[in-house]
Amino acid sequence: MGMTTTDERAVAVIMVGGPTKGTRFRPLSLNIPKPLFPLAGQPMVHHPISACKRIPNLVQIYLVGFYEEREFALYVSSISNELRVPVRYLKEDKPHGSAGGLYNFRDLIMEDNPSHIFLLNCDVCCSFPLPEMLEAHKRYGGMGTILVIKVSPDTAYQFGELVADANTNELLHYTEKPETFVSDRINCGVYVFTPEIFTAIQGVSTQRKDRANLRRQSSFEALQSATRSLPAEFVRLDQDILSPLAGKKQLYTYETMDFWEQIKTPGMSLKCSGLYLSLFRYTSPRLLTEGDGTKSATIIGDVYIHPSAKVHPTAKIGPNVSISANARVGAGVRLINCIILDDVEIKENAVVIHSIVGWKCSIGRWSRVQAEGDHNAKLGVTILGEAVNVEDEVVVINCIVLPNKTLNVSVQQEIIL
């Protein structure tokens with residue numbers, strides 16, 4: 001057994017953002033921090049965290065964000081116990097940029113003397129092939145490896161586009177949200193670094209301070225205004241680290257052949273919930289419910305039902321449905337492509353399609369809550385905020401309904417404030 005294997009230790013850092021960031025996620029983020037919103041019946045951040053569990057010699061997971069610690073306290077303690085890996089929430093004092101945030105907590109992150117540091121974003125949905133990335137990273141021998149995916153050229157411009165060497169996978173060129181087409185390979189927001197990343201981030205800060213000093217000494221004002229306005233400790237991973245280090249044999253790419261999506265809106269969260277349910281088929285089939293309508297409900301495709309939920313045996317459920325704690329689903333109910341949150345009651349013969357039904361909602365007999373199912377359109381998925389009451393025989397199509405409303409007449413294509 002070689003010496004190298006015993007010295008290896010990994011830590012993972014998951015960026016969870018903050019309350020000002022999740023505004024596109026309203027009305028769902030009015031009740032719960034977006035990273036704790038359930039996808040496939042598990043909090044959003046649970047999916048990257050449980051993927052980290054597969055990293056060999058993982059010693060610690062840090063969640064870094066702007067939420068108050070008390071909002072994560074319960075989740076962090078329960079997940080630490082469940083996975084038997086210490087998980088800790090770290091609150092950022094002010095925005096430091098994606099790389100600066102990592103650097104801000106470098107002493108804690110380096111406490112266990114890790115040989116590798118994983119950096120993940122909570123609001124991306126993928127299969128998180130972390131052990132495979134680590135293997136590739138060790139083969140490449142660089143400072144960092146970036147997870148990438150091939151997308152259709154017409155959507156690539158929305159992301160960080162990159163060019164890699166076809167043989168060595170070295171990152172040759174990186175552009176964040178380019179104005180012209182660069183490449184159909186994009187950055188997935190999942191990385192593994194060696195501790196040298198901290199030296200690189202420090203280098204950016206030092207360079208900024210030097211420039212600021214130079215400006216004070218001379219009246220030379222021809223420097224770009226963009227870099228002038230940034231504080232020295234504000235370091236962005238993409239523009240300040242990835243772009244300058246491309247082509248210097250320090251950064252490499254690992255391509256995922258699975259799926260990848262960004263979870264920016266409630267509509268996308270419904271799509272991602274379905275992707276995670278389909279992943280459970282391979283990773284955690286015990287989480288998926290089966291049923292043929294004899295003793296329990298008829299289940300079609302991938303469905304998650306919390307053990308405390310009560311579902312009538314004549315209900316028909318799936319594909320892509322998750323039902324959270326203490327929900328009650330009545331006789332003859334049909335559910336397709338939807339997320340049903342805690343304490344929801346769905347009464348006899350109601351139908352829910354392409355929708356997210358918020359906590360404590362009530363859906364009346366013979367009513368319908370549905371949408372077109374376009375995950376990118378503003379009203380493509382119907383969203384009911386907390387404690388919305390849809391009365392009997394009411395039809396709700398392509399709507400977003402804010403909390404505590406009662407709907408006693410049918411509505412469509414509306415945002416109900």
Side-chain angles (χ1 to χ4, degrees), residues 2-18 33 35 45-46 48-122 128 130-131 133-135 137-138 141-147 189-206 232-237 240-241 245 250-251:
M3 281 299 289
T4 48
T5 49
T6 50
D7 303 341
E8 281 186 10
R9 279 197 205 90
V11 296
V13 178
I14 302 173
M15 293 299 200
V16 298
V45 71
H46 189 98
I49 288 178
S50 58
C52 287
K53 179 72 181 152
R54 294 173 41 238
I55 301 168
N57 309 310
L58 177 75
V59 288
Q60 176 90 38
I61 298 172
Y62 295 103
L63 309 182
V64 173
F66 294 98
Y67 295 97
E68 293 305 324
E69 284 174 48
R70 60 182 157 74
E71 296 195 77
F72 277 85
L74 265 172
Y75 176 70
V76 160
S77 69
S78 72
I79 192 71
S80 300
N81 292 333
E82 185 191 321
L83 292 184
R84 297 185 200 79
V85 173
V87 178
R88 193 171 160 190
Y89 178 74
L90 304 174
K91 183 178 186 291
E92 289 198 70
D93 53 344
K94 59 176 196 270
H96 293 277
S98 42
L102 191 68
Y103 189 73
N104 189 33
F105 292 113
R106 66 192 175 282
D107 295 346
L108 272 173
I109 293 167
M110 290 307 295
E111 206 170 49
D112 293 298
N113 210 2
S115 52
H116 296 97
I117 299 153
F118 280 85
L119 178 64
L120 296 82
N121 281 295
C122 167
F128 297 107
L130 307 177
M133 271 184 86
L134 182 59
E135 278 304 301
H137 174 76
K138 294 197 300 208
M143 179 179 79
T145 299
I146 306 169
L147 188 69
V190 177
Y191 313 87
V192 57
F193 294 112
T194 59
E196 284 145 41
I197 184 67
F198 290 123
T199 318
I201 300 170
Q202 165 112 53
V204 175
S205 287
T206 311
E233 67 276 11
F234 189 90
V235 182
R236 300 155 305 180
L237 196 59
D240 300 326
I241 303 288
L245 288 178
Q250 301 207 45
L251 298 173

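Listed by chain and residue number, nothing satisfies the ring pair (Phe, Tyr, Trp, His ring centres under 6.0 Å) test with Phe128 (two or more places apart in sequence, or in another chain). Not a single ring pair (Phe, Tyr, Trp, His ring centres under 6.0 Å) links Phe118 to another residue, sequence neighbours left out. Listed by chain and number, the residues in a side-chain hydrogen bond (donor to acceptor under 3.5 Å, both in side chains) with Asn104 are His96 (sequence neighbours excluded). When the side-chain hydrogen bond (donor to acceptor under 3.5 Å, both in side chains) test is applied to Lys138, the partners found at least two apart in sequence or on another chain are Glu8. In this structure, the side-chain contact (heavy atoms from CB on, under 4.5 Å) partners of Thr206, at least two apart in sequence or on a different chain, are Gln202, Asp210. Annotation: side-chain contact (heavy atoms from CB on, under 4.5 Å) contacts of Met15 (sequence neighbours excluded): Val64, Leu119, Asn121. Every residue meeting the side-chain hydrogen bond (donor to acceptor under 3.5 Å, both in side chains) condition with Tyr75, not counting sequence neighbours, appears here in chain and number order: His46. Applying the salt bridge (Lys or Arg N to Asp or Glu O under 4.0 Å) test to Glu233 and every residue at least two apart in sequence or in another chain returns Lys94. Under the side-chain hydrogen bond (donor to acceptor under 3.5 Å, both in side chains) criterion, Arg54 pairs with Glu132, not counting sequence neighbours. Partners of Gln60 under the side-chain contact (heavy atoms from CB on, under 4.5 Å) rule, at least two apart in sequence or in another chain, are Val11, Tyr62, Pro86, Arg88, Asp112.
What you find for Phe193 and Gly144 is that their closest heavy atoms are CD2-CA, 3.6 Å. Closest approach of Gln250 to Leu245, counting heavy atoms only: NE2-CD2, 3.7 Å. Shown here for Pro114 and Pro195, the closest heavy-atom pair between the two residues is O-CG, 3.4 Å.
For the atom pair CG of Leu237 and CD1 of Ile201, the computed distance is 7.0 Å after rounding to the nearest 0.5 Å. In this structure, the separation between CE on Met143 and CG on Leu251 is 5.0 Å, given to the nearest 0.5 Å. To the nearest 0.5 Å, atoms CD1 (Ile49) and CD1 (Ile79) are separated by 5.5 Å. Rounding to the nearest 0.5 Å gives a distance of 5.5 Å between CG of Leu120 and CD1 of Ile14.
Using a 4.5 Å heavy-atom cutoff, the side chains of Val235 and Tyr103 are not in contact. Residues Phe234 and Ser205 have side chains not in contact (no heavy-atom distance under 4.5 Å, counting atoms from C-beta outward). Put simply, the side chain of Met110 reaches to within 4.5 Å of the side chain of Phe198, judged on heavy atoms. By the 4.5 Å heavy-atom criterion applied to side chains, Val87 and Ser77 are not counted as neighbours. The shortest side-chain heavy-atom distance between Thr194 and Ile197 does not fall under the 4.5 Å cut-off. Taking the side chain as every heavy atom from C-beta outward, Leu63 and Val13 never approach each other to under 4.5 Å.
Using bins of under 30°, 30° to 60° and over 60° for the plane-to-plane angle, the ring pair His116/His137 lands in the perpendicular bin.
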message: side-chain contact (heavy atoms from CB on, under 4.5 Å), that's the test. Do Glu92 and Phe105 meet it? Break it down for me.
response: CA-CA 9 Å; Glu92 289 198 70; Phe105 292 113; 3.9 Å; yes
task: Tell me, with the steps shown, if Val16 and Tyr89 meet side-chain contact (heavy atoms from CB on, under 4.5 Å).
output: CA-CA 10 Å; Val16 298; Tyr89 178 74; 3.9 Å; yes
task: Applying side-chain contact (heavy atoms from CB on, under 4.5 Å), run through Cys52 and Leu130 and close with a yes or a no.
output: CA-CA 7 Å; Cys52 287; Leu130 307 177; 3.9 Å; yes
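Between the side chain of Thr145 and the backbone N or O of Val192, no donor-acceptor pair lies under 3.5 Å. In this structure, the side chain of Ser115 engages the main chain of Arg9 through a donor-acceptor pair within 3.5 Å. In this structure, Ser98 contributes its side chain and Arg236 its backbone to no donor-acceptor pair below 3.5 Å. A donor-acceptor pair under 3.5 Å is formed between the side chain of Lys53 and the backbone N or O of Leu83.
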